[in-house]
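So the structure is just underneath, and the comments pick up after that.
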Amino acid sequence: MDRITMIRTVGLDFLTSNIENGEFSYAQVLERPLSGHFKLDIRFYDKESKTAVLIETKQRFKEEDKAQLFAYVALEREYNIADNIVAILANTSNDKIQVWQIAKGKEAELLSDKKLKTIAEYAEYFKPQNINDKSAVLENTAELNRKLHDNGIKEKIRSQFVGTCLLALKNGLTYKGNSTGSIIGGIKEILGKMIKDDSSDKATKIAILQTKVLEDHDVENLNPDNFVQLLDYIQEKIIPYINAATSEGHDILSYFFTTFNKYVAREDKNQAFTPNHIAHFMSKVARVCKTSHILDPTCGSGTFLVQAMTTALNQCETDKERTEIKKHQIYGIEKDPDVFGLSTTNMLIHGDGNSNIRCASCFDVKKWIEDSKADIVLMNPPYNASKSQVPESFAKKYGKATTDPSKGLYFVKYIADTVGKGRLVTLLPMSCAITTNGIIADFKEQLLDKHTLDAVFSFPAEMFYPGASAVACCMVFDLGRPHSEDKETFFGYFKDDGFEKRKGVGRVDIKNKWDEIEKEWLSLYDHRETKIGKSITKRVSADDEWCAEAYMETDYSNLCEGDFINTLRDYAAFLIQNEQEL
């Protein structure tokens, strides 16, 4: 990397030099004679953050180079104007760098940075961050929900109300001593600025957040003192325990947000909001990376988009890379205006990424889907779509049925054919996997004519609790490649995710089992390993059942009464879900 590129990357406006060849002499600023190393190649300084970036250029790194660099660090400390120092060895023949962070009064810390960054990004390294405390968030979220109930905020709008309050507080909302009207006005102003000018359907997004939440009768009639107390609680009991700058913080933030989505789901038993941990697993299965273009054509509250975006951002080193992902690589579609508001709020809470979320039917924006260049699809389509939610040509095939007879497979086939490349990972009801006749079998055959069924995972029976009662599976398709007869599809019996039901909260990982369980699931799938009671590979066609239960060997040595009870519950849930068909 040449010097000019280094200077432009870190920031020309912050470059400081005091000798003719553009280097920086500590002898000159310290105003005393110096021997040895005192002429630094490149120095930057940001007065506002009191951050200095010191770069010494070399063709290869040797131990004496580090010693030379830290001689400059010592002189910078003597200069005594920088609280924070970033010291860098930069190779002029390639892009390799070594970076040390030296906060005032602390030892130098070698970082894993592999790319040069802006001085603003380096300044962020030294800002105090919130801690991550999932237990505190779990406890305080339940208490916040009780406070919302006591103040008459109905379940349907709690998620968006809390989300908009959280956004406003994190962006400087002034509220103490203000009337309810003034507080609402302040939130509206902040939201308007946050939704980017170039985002799709900006006016729609703002209108939904205003009319559905801030202009709701319950919110407008909140006692101002009670409103302030709610904001105080979020400010003091939620925000300090979530460091959104970290991947762990993103996970806790998602948990916080989706917890309130569960309360929304109680009002509509057909709403199946994807649990955060399942979305994380599916993102891993989809092989999301920082170059992926991700589409969720039925994005609901945005859980898949958040997880995919977080996974991709974790692989980035620069703000430029992160901005590219948020602006050009995340695409979502949601037809229901109320739920569309949830996805917009969710993405804003997680640091934007809302630019390419459309309020529309996925069937009405085919050209937009094609232009997205999506190569990864994550989706949880509606399982009981009405005739008004699908094209007329398919609605005619409903016959006497009032809801989608394909149980969501029509949505999957349409998107698979439209995208045509990459990988599609979808949640579907178990009936799609086990049905071998009728319209479902027809769609299975049509899918295999163009796409490969790579895997199917059987998921926990009560995964959507306390929302929809559907028993779900996850199907993984490699798009654009017909399913060959000798293809070995992987089937995972992934029914135990370690989560337990808790009243008022939903299913939670009380015993912290999930991380290890997810690792096992991913390992079994990645290695396509057959394990008794957990997984198997099998050649299948559209005429076969697509689930592990049909082919997997049972490990009888581990069976107990609880397994028998759980199986009966699974079957009962399946009967309830398919009541109209039996």
Hey, what's the ring geometry for Trp514 with Phe499, parallel, tilted or perpendicular (30° and 60° as the breaks)? perpendicular

So how far is it from Ile187 CD1 to Leu167 CG, rounded to the nearest 0.5 Å? 9.5 Å

Between Tyr72 and Gln68, does any side-chain donor sit less than 3.5 Å from a side-chain acceptor? yes

Which pairs pass salt bridge (charged side-chain N to carboxylate O under 4.0 Å, His left out) with one or both residues in residues 65-79, sequence neighbours excluded? Arg32-Glu78, Arg43-Glu76, Lys58-Asp65

Please determine whether the number of non-hydrogen atoms from other residues, nucleotides or ligands lying under 6.0 Å from atom NZ of Lys104 exceeds 12. no

Is a salt bridge present between Glu215 and Lys188, judged by a nitrogen-to-oxygen distance below 4.0 Å? yes

Is a salt bridge present between Glu189 and Lys193, judged by a nitrogen-to-oxygen distance below 4.0 Å? yes

From the options Leu231, Ile238, Val219, select the one residue that forms a side chain to side chain contact (heavy atoms under 4.5 Å, CB included) with Cys165. Leu231

Between Asp497 and His277: side-chain donor-acceptor atoms closer than 3.5 Å: yes

Using a cut-off of 6.0 Å, state whether more than 12 heavy atoms not belonging to Lys290 lie near its atom NZ. yes

Passing option when Thr57 is tested against Asp41, Thr92, Asn91 for side chain to side chain donor-acceptor pair (under 3.5 Å): Asp41

SB check Lys367 Asp371 (cutoff 4.0 Å): yes

Which pairs pass salt bridge (charged side-chain N to carboxylate O under 4.0 Å, His left out) with one or both residues in residues 106-116, sequence neighbours excluded? Asp113-Lys117, Lys115-Glu321

